[in-house]
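Since the model is a prediction, treat every value here as computed from it, not as a measurement.
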Amino acid sequence: MVKNRVRLQRVLKTRKAVLRKEQAMAYARALVAGFEMDYIDDLISFADAFGASRLREACINFIELCKKKNDDGLWMDEVVAMQAYSY
């Protein structure tokens, strides 16, 4: 019973680390694609004007991700690495 609990905790910890890296990569890819907070309102206006619902949704998701990023600096190393790699 204890071994199963320890194994489960290890699996969950590993999964959490993988999800953090994926989130950091998604953020970095969005930055490379031109999603920056300075321009996000313009992108949303463009999406609204041309009925680009997927772009609008992506912008909203990016805003939420930025808010999480500011609250949780644990994956900033991955973001810096991705940005350095993209240049």
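The distance from the CD1 atom of I60 to the CZ atom of R56 is 4.5 Å, given to the nearest 0.5 Å. Atom-to-atom distance recorded for D41:CG and Y39:OH is 12.5 Å, nearest 0.5 angstrom. Distance check, rounded to the nearest 0.5 Å: SG of C59 to CZ of R54 gives 12.5 Å.
Other residues, nucleotides and ligands place more than 12 heavy atoms under 6.0 Å from the CD atom of E22.
The shortest heavy-atom contact between C66 and M37 is SG-SD, 3.7 Å.
In this structure the side chain of I63 reaches within 4.5 angstrom of the side chain of I44, judged on heavy atoms. You'll find the side chain of Q9 reaches within 4.5 Å of the side chain of R5, heavy atoms only. Using a 4.5 Å heavy-atom cutoff, the side chains of N4 and L8 are not in contact.
Linking Ile, Leu, Val, Met, Phe, Trp and Tyr residues whenever their side-chain heavy atoms come within less than 4.5 Å leaves V18 and M25 in two separate clusters. Hydrophobic cluster membership differs between V6 and V11, with clusters built from Ile, Leu, Val, Met, Phe, Trp and Tyr side chains linked at under 4.5 angstrom.
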